[in-house]
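These values consider heavy atoms only, across backbone and side chains, with no hydrogens, waters or symmetry-generated copies. Quantities reported herein were computed from a predicted structural model and do not represent experimental measurements. The chains referred to below are lettered A, B, ... by the order of the sequence lines, with proteins before strands, and numbering in each begins at 1.
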Protein chains: 2
Amino acid sequence: MKTKQTIVWDTVQEEFIQKWRELGTAWGIPPAMAAIHGLLLSQQHPLITDEVMSTLSLSRGSAHTQLQALVDWGLVYPVRTLGTRQRRYVAEKDAWQMMACIARQRKKRELDPLLELEGWKESQSAGLSDSAPAQALDKTLDGILTQARAVNGVFDRLISEDERWWEQWLIRGLRRN
Amino acid sequence: MKTKQTIVWDTVQEEFIQKWRELGTAWGIPPAMAAIHGLLLSQQHPLITDEVMSTLSLSRGSAHTQLQALVDWGLVYPVRTLGTRQRRYVAEKDAWQMMACIARQRKKRELDPLLELEGWKESQSAGLSDSAPAQALDKTLDGILTQARAVNGVFDRLISEDERWWEQWLIRGLRRN
DNA sequence: CAGTACTTTCATTTTAAATTGAAAATATGT
DNA sequence: ACATATTTTCAATTTAAAATGAAAGTACTG
């Protein structure tokens, strides 16, 4: 089946994608993933894998893997066209939704493992290390875990609640006093 | 000059350092840097480069570079012993200070470049791209930048203000309603 | 102004992460 | 069930990041 050309392409978009790719690198995101996300953000209509591949000169494997990752993150939706196996992809354009997706991933990757230290710490205090240095480390860890729990609370809210909460929180929090 | 052994070392600390290193990886921090930070966090007294090197089996180059990075971040303080060129290093143990350091770095690395998109966006709208797709991208970008500014506000405060503000903010924000 | 103790740099090597491309698997229409 | 369009997987390659180690630089001491 001949694929209708759905890509809109111009210099502004090309530049945007480049910038988005660089930004992605700073955020610890694979270049291909960031580039695809940038491309889809700049497109109003869903694209098929082949369009993504050829527009960004990526291999099929990479395009597929990164597209999958974007779908897993919730930043991109797969769209099934009726009467064909073909899958198309659109990006979520709402900034708040995007942020929630990213927050979800970061919490999983960065915060949850940190909070697991709590369990480890307890399992350790069972072992009889009550030397002064061990106790000092214990105290430091307590402080870290308290902070981590606080940040975690913010993330939990950010992820599970609606946009209104976030806005209210920012307004309340950022107002001096 | 013979160096007095200042390291306190046991299984708990070794495990902690290992966990901290893994955590570091999830946070996009070089393993050696995370390991050194873990080691210094677990020590009450300042260590010299050679102790760090041998305890963690690192090369001198790596120990030096990562120690420097930790000092640059503000997570570790260099201590000059009088009457010798020798430099020792201690970790900041206060969790809030640590968080502020990390927030500062992340803002610089992840947020500031995002905010620079604003300038780019404006320089682009000067060029006459008023096609429908270009306008759509423009709108999406606006949303993203608005979110980015909001998050940036939080970070600015977190970095420049004192601990009390942060605590208050969390308490106010996290209380339901 | 040596001599030495420590620090800094950097070309090379190592390691980990991302990408490729082609083969295998799966779904869909006839 | 067959043929074909599309997706998925994965061993091999490429690329980028970090670590090494030895040489060069710098400050302190007598």
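Taking the side chain of A:T49 as heavy atoms from C-beta on, and the options D:dA18, C:dA17, D:dT7, the nearest nucleotide is D:dT7. When the nucleotides C:dC6, D:dA18, D:dT6 are ranked by their closest atom to the side chain of B:P30, D:dA18 comes out on top.
Remark: the A:R85 side chain and the C:dT28 base include no donor-acceptor N/O pair separated by less than 3.5 Å.
Mapping B:D50 and A:P31 onto DNA chain C by nearest heavy atom places B:D50 closer to the 5' end of the strand. Comparing B:S57 and A:Y89 by the nucleotide of DNA chain D that holds the closest heavy atom to each, the one mapping nearer the 5' end is A:Y89.
Look at CG on B:L47: it is 15 Å from P on C:dC6, rounded to the nearest Å. The distance between atom CE of A:M53 and atom P of D:dT6, rounded to the nearest whole Å, is 13 Å. Rounded to whole Å, atom P of C:dA18 lies 17 Å from atom CG of A:L56. With rounding to whole Å, A:L58 atom CG is found 11 Å from C:dG21 atom P. B:I29 places its CD1 atom 16 Å from the P atom of D:dA17, with the value rounded to the nearest Å. Here the C1' atom of nucleotide D:dA17 and the CE atom of B:M33 are 14 Å apart, to the nearest Å. If you take CD of A:Q86 and P of C:dA27, they are 17 Å apart, rounded to a whole angstrom.
Test B:R21, B:M98, B:E92 against B:H37 for side-chain contact (heavy atoms from CB on, under 4.5 Å) and you get one pass: B:M98. None of B:V76, B:I29, B:T65 except one satisfies the side-chain contact (heavy atoms from CB on, under 4.5 Å) rule with B:L70; the exception is B:V76.
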(request) Give the C-alpha distance, both sets of side-chain angles, the deciding distance and a yes or no for side-chain contact (heavy atoms from CB on, under 4.5 Å) between B:D10 and B:Q13. (result) CA-CA 5 Å; B:D10 72 28; B:Q13 284 165 27; 4.1 Å; yes
(message) I'd like to know whether A:Y77 forms a side-chain contact (heavy atoms from CB on, under 4.5 Å) with A:L40, so could you lay out the CA-CA distance, the side-chain angles of the two residues, the decisive distance to 0.1 Å, and finally the verdict.
(response) CA-CA 10 Å; A:Y77 305 111; A:L40 294 181; over 6 Å; no
(request) Take A:R149 and A:E118 through the side-chain contact (heavy atoms from CB on, under 4.5 Å) test and state the conclusion after the steps. (result) CA-CA 10 Å; A:R149 274 190 295 268; A:E118 178 131 47; 2.6 Å; yes
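With a 4.5 Å cut-off on side-chain heavy atoms, A:L23 and B:L117 count as touching.
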Below 3.5 Å, can you tabulate the donor-acceptor pairs from side chains in residues 57-64 of chain B to any protein atom, sequence neighbours excluded?
residue	atom	partner	partner atom	Å
B:S59	OG	B:S62	N	3.1
B:R60	NH1	B:D50	OD1	3.4
B:R60	NH2	B:D50	OD2	3.2

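For D:dT8, one of the phosphate oxygens OP1 or OP2 lies less than 4.0 angstrom from a side-chain nitrogen or oxygen of A:R87.
Scanning residues 59-74 of chain B for heavy-atom distances under 4.0 Å to DNA chain C yields B:R60, B:G61, B:H64.
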